[in-house]
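Structure, as structure tokens:
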Amino acid sequence: MKFIKNFNRDEKIDYGKSDIQILDCKDVLVEGCNGIIEYNNNLIVLSLSKKNVHIMGFDLQFFNYSHDGIEVSGDIRSISFEKKESEGK
């Protein structure tokens with residue numbers, strides 16, 4: 001996975017954060033994805049360190065899933081976040 005812009009980070013890596021790029025409502029690049037919770041043609045739910053991200057649209061597919069992150073492609077209509085159950089309310 002390759003981000004268009006290189007994020008300027010210190011040498012110390014913060015494993016509690018994720019970077020997300022949206023490219024022309026057709027691709028979403030997620031760095032720091034811990035897993036895929038749910039997926040179908042209209043919804044992909046990803047686990048990040050502190051939240052889950054819901055990517056909704058049509059004809060959704062994911063590619064390049066690795067320790068670096070994941071790429072989601074399709075007709076993306078919305079992206080939302082939810083707190084994880086374990087996170088304080």
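Numbering starts at 1 and runs along the sequence shown.
The closest side-chain heavy-atom distance from Ile36 to Leu46 is below 4.5 Å. Residues Val30 and Leu48 meet the side-chain proximity criterion, which asks for heavy atoms closer than 4.5 Å. Side chains of Ile76 and Val28 form a contact here, defined as non-hydrogen atoms less than 4.5 Å apart.
Under the rule for a side chain to side chain contact (heavy atoms under 4.5 Å, CB included), the partners of Asn40 that lie at least two apart in sequence or sit in another chain are Glu38, Asn42, Leu43. Legend: residues meeting side chain to side chain contact (heavy atoms under 4.5 Å, CB included) with Ile37, ordered by chain and number and at least two apart, are Val45, Ser47, Asn52. When the salt bridge (Lys or Arg N to Asp or Glu O under 4.0 Å) test is applied to Asp75, the partners found at least two apart in sequence or on another chain are Arg77. Scored by the ring pair (Phe, Tyr, Trp, His ring centres under 6.0 Å) test, Tyr65 finds no partners at all (sequence neighbours excluded).
The line from CG of Leu60 to CD1 of Ile55 is 7.5 Å long, rounded to the nearest 0.5 Å. With rounding to the nearest 0.5 angstrom, the CD atom of Glu31 is 10.5 Å from the CD1 atom of Ile20. Atom CG of Leu29 is separated from atom OG of Ser73 by 8.0 Å, given to the nearest 0.5 angstrom.
Judged by distance alone, the side chain of Lys50 and the main-chain N or O of Ser18 form no donor-acceptor pair under 3.5 Å.
The two residues Lys51 and Lys83 have their closest heavy-atom pair at NZ-CG, 3.7 Å.
The cluster map of Ile, Leu, Val, Met, Phe, Trp and Tyr, joined by side-chain heavy atoms under 4.5 Å apart, puts Phe81 and Ile70 in the same cluster.
For residues 37-60, the ring pair (Phe, Tyr, Trp, His ring centres under 6.0 Å) pairs, not counting sequence neighbours, are Tyr39-Phe62.
Through ILVMFWY side-chain contacts below 4.5 Å, Phe63 is grouped with nothing and stands alone.
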